[in-house]
Amino acid sequence: METETIRNIQFIDLQAQQQRIGEEIRSRIAGVLGHGKYIMGPEVQELEAALSGFVGAKHCISCASGTDALLMALMAYGVGPGDAIFTTPFTFIATAEVISLLGATPVFVDIDPNTYNIDPKKLRAGIEPFCRQSGKLRARGIIPVDLFGLPADYDEIGQVAADFDLFVIEDGAQSFGAKYKDKRAGNLADIAATSFFPAKPLGCYGDGGAIFCNDDETADKLRSIRVHGKGGHKYDNVRIGLNGRLDTLQAAILLPKLAIYEDEIKLRNRVAARYTERLSDFVTTPFVAVDSMSVWAQYSVRSEQRDEITARLKSNGIPSAIYYPKPLHMQSAFASLGYGEGSFPVSEAMAGQIFSLPMYPYLDKDDQDYIVQTISNS
Ligand SMILES: *Cc1c(COP(=O)(O)O)cnc(C)c1O
């Protein structure tokens with residue numbers, strides 16, 4: 001009898017893309033080595049123009065990471081001690097970390113179990129007490145996260161923000177290129193932050209990020225914050241900032257990647273559609289509203305038999321990952337906020353069942369069939 005050999009499938013195969021545009025990337029890198037402008041070289045401006053065109057936002061300010069993008073956005077609003085910033089506990093630590101880093105207070109709001117994004121109804125209920133009482137904290141802003149590449153519900157969130165006079169910063173670290181009602185992620189809030197960490201849907205070969213906004217004054221402020229709070233020139237410092245620049249080399253690497261990104265989004269959606277079609281009888285597959293499009297930073301499913309399924313995947317050479325095993329309100333780093341088990345039951349329940357499958361534009365059809373079969377052959 002013939003036994004099928006165990007395949008070696010990667011969770012995200014970053015090499016596959018190089019077969020397609022490796023030449024262009026190498027030639028762009030050579031271009032930077034040629035001119036030697038490693039900091040704020042011409043590729044940085046070229047990339048910013050291309051990114052803002054792609055997103056449809058007036059301004060793009062590239063920066064050193066997605067974390068810096070979020071931090072700089074909060075700094076642009078002068079966020080500090082006494083400010084309450086509302087966000088989700090079901091996200092990567094960076095979303096809430098930057099709030100604490102500035103001395104402000106993250107206030108968590110539970111998620112919608114269908115989208116894993118912040119629940120706008122719970123958001124309204126969570127903000128109300130801060131605005132009624134004259135307590136210690138002042139409600140300032142909201143950071144929704146476009147988890148796994150699917151935009152949050154910005155119409156509902158925007159209404160809440162308008163009612164309470166709050167700013168909205170989109171954490172689009174996982175959603176660059178996604179759509180919400182015909183608008184691109186990155187253009188769904190007052191300011192948006194994204195990340196080009198290698199494993200994100202649009203990734204560079206190191207750390208990188210970008211900020212988007214439509215307001216001229218905010219853009220100027222962000223450009224100043226990016227370079228030590230510079231004023232008219234480098235040694236004129238008008239505010240406290242940081243060293244938050246994107247390397248020229250990373251900008252050069254991102255340019256050819258951005259050129260094929262639209263096509264890669266289609267490929268990602270094809271892989272996702274194939275998973276959903278074949279897996280929905282066996283696990284809870286992701287929900288995407290008809291007027292939204294995900295870029296599938298992760299293809300995440302849910303099952304009460306998670307441990308059994310992921311063990312079976314592993315023994316067949318298929319990696320999986322859990323995003324996120326422990327919601328932020330349960331992390332020791334945020335112990336001082338006073339939350340505990342039971343504070344956000346939806347996030348906690350999802351954390352106990354969710355897992356992500358291999359996902360990248362070039363995931364081979366046979367490999368995907370093998371993954372599906374391994375899950376369905378219980
Ligand atoms: C990756 C990520 C970040 C941080 O981006 P870095 O570029 O790694 O700093 C922030 N928020 C979310 C939701 C992320 O997934």
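Values reported hereafter were calculated over all heavy atoms of this structure, with side chains retained and with hydrogens, waters and symmetry mates removed. Order of appearance sets the numbers: ligands from 1, and atoms from 1 within every ligand. The model shown is predicted, which means the values in this text are computed figures rather than measured ones.
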- Using modelled atom types only, decide if a donor and an acceptor are shared between the side chain of Asp83 and the backbone of Gly80 within a distance under 3.5 Å. yes
- Message: What I want to check is whether the side chains of Tyr362 and Asp367 have a donor and an acceptor closer together than 3.5 Å.
- Response: no
- Looking at Arg268, Arg184, Lys179, which one forms a salt bridge (charged side-chain N to carboxylate O under 4.0 Å, His left out) with Glu262? Arg184
- Query: Between Phe90 and Tyr324, what is the ring plane arrangement, given parallel below 30°, perpendicular above 60°, and tilted in between?
  - Reply: perpendicular
- Message: Check the orientation of Phe344 and Phe108. Use parallel for under 30°, tilted for 30 to 60°, and perpendicular for over 60°.
- Response: perpendicular
- Item | Near ligand 1, at a heavy-atom separation below 4.0 Å: residues by chain and residue number | Ser65, Gly66, Thr67, Leu70, Thr91, Phe92, Ala94, Thr95, Val145, Asp171, Ala173, Gln174, Ser195, Lys200, Gly208
- Task: Determine the interplanar angle of the Tyr116 and Phe148 rings, folded into 0 to 90°, and report it as parallel if under 30°, tilted if 30 to 60°, perpendicular if over 60°.
- Result: perpendicular
